[in-house]
Structure formats: C-alpha cells, structure tokens
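For reference, the structure is listed below as structure tokens.
Note that these values count all heavy atoms, side chains included, but never hydrogens, waters or copies made by symmetry. Keep in mind the model is a prediction, meaning the values are calculated, not measured.
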Amino acid sequence: FTVSTTDANAMTAVDITASMQECNKVSFVVENGPAYVAFDEDATTSTMLVPQDEGYFDDSVYIGSKISILRATSTNARIRGIIWGR
C-alpha cells in the first residue's frame, strides 16, 4: 500500500476488512514528513509517532480493521508498506 495524506485529518491508509480477516504482520516506512499511525482506530496526536524516513515492523501483531495515518506537521506525509494476514 502507498497512501499520502491530503489534509490535517486522520485518514485510513489500509482497510484490512476489504481484503482479509486479520493482519498479523506489518512493515511500513513514512516519507515526506513525520506522521502519527494507529492500528484499529483513528490516528491522533497521542498515537505512535513515526519520524520522516523511518519505519515500523512487527511480525506478531493483530490488526483487525484498519491502519490510520495523521500528518504530524503541515507537510503531507506518505506511508508505504505491506501487510500479511489471512
């Protein structure tokens, strides 16, 4: 998946329910600016902050509904990644 923010609102980067029952492995990088990322909820300023050009990987995670992103500055951020599940 590759998604860029378009404004200062949280948006769904990946709708898990559209393609699988659950996600149990995730890997992504945030580009163009820092962003807040959340699993199974809307991203807020109190969720996981991922700095620009940094990423996240977990091979023992449960995500049941979505991955959400919120830009952390006035610059739109882009998230690129892959999910595995069933």
Q) Is it true that V61 and I79 fall in one hydrophobic cluster, defined by side-chain heavy atoms closer than 4.5 Å? A) yes
Q.
I need the F28 CZ to I69 CD1 distance, nearest 0.5 Å.
A. 8.0 Å
Q: With sequence neighbours left out, write down each residue that passes side chain to side chain contact (heavy atoms under 4.5 Å, CB included) with T75, or none if nothing qualifies.
A: T73
Q: Just do the side chain to side chain contact (heavy atoms under 4.5 Å, CB included) check on N76 and N32 with the steps written out, would you?
A: CA-CA 7 Å; N76 282 319; N32 299 338; over 6 Å; no
(Q) Please say yes or no: joined through hydrophobic side-chain contacts below 4.5 Å, possibly via intermediate residues, are V26 and V37 part of one cluster? (A) yes
Q) Backbone N or O of A38 within a donor-acceptor pair of the S68 side chain at under 3.5 Å? A) no
Q | Linked hydrophobic residues, I82 as query - side chain contacts closer than 4.5 Å | A | W84
Q.
Could you report the tightest heavy-atom contact between V30 and A77, atom names first, then the distance?
A. CG1-CB, 4.3 Å
**Q.** Residue pairs involving residues 12-22 (criterion salt bridge (charged side-chain N to carboxylate O under 4.0 Å, His left out); sequence neighbours excluded)
**A.** E22-R86
Q.
With clusters defined by side-chain heavy atoms of hydrophobic residues (ILVMFWY) lying less than 4.5 Å apart, directly or transitively, does Y36 cluster with M11?
A. no
Q.
Measuring only between side-chain heavy atoms, which start at C-beta, is I67 closer than 4.5 Å to I83?
A. yes
Q: Could you grab the distance from atom CG of N9 to atom CG of L70, nearest 0.5 Å is fine?
A: 8.0 Å
Show which side-chain atoms of residues 45-54 pair as donor or acceptor with protein atoms under 3.5 Å away, not counting sequence neighbours.
{"from": "S46", "atom 1": "OG", "to": "T44", "atom 2": "OG1", "distance (Å)": "3.0"}
{"from": "T47", "atom 1": "OG1", "to": "T44", "atom 2": "N", "distance (Å)": "3.2"}
{"from": "T47", "atom 1": "OG1", "to": "T44", "atom 2": "O", "distance (Å)": "2.7"}

Q) Which pairs pass ring pair (Phe, Tyr, Trp, His ring centres under 6.0 Å) with one or both residues in residues 60-81, sequence neighbours excluded? A) none
(Q) Holding to side chain to side chain donor-acceptor pair (under 3.5 Å), I want the full list of residues that pass it with Y56, two or more places apart in sequence or in another chain. (A) D58
Q: Consider only side-chain heavy atoms of I, L, V, M, F, W and Y, link residues closer than 4.5 Å, and tell whether F39 and F1 are in one cluster.
A: yes
Q: Scan residues 24-46 for pairs that pass salt bridge (charged side-chain N to carboxylate O under 4.0 Å, His left out), counting only residues two or more places apart or in two chains.
A: E31-R78, E31-R80, D42-K66
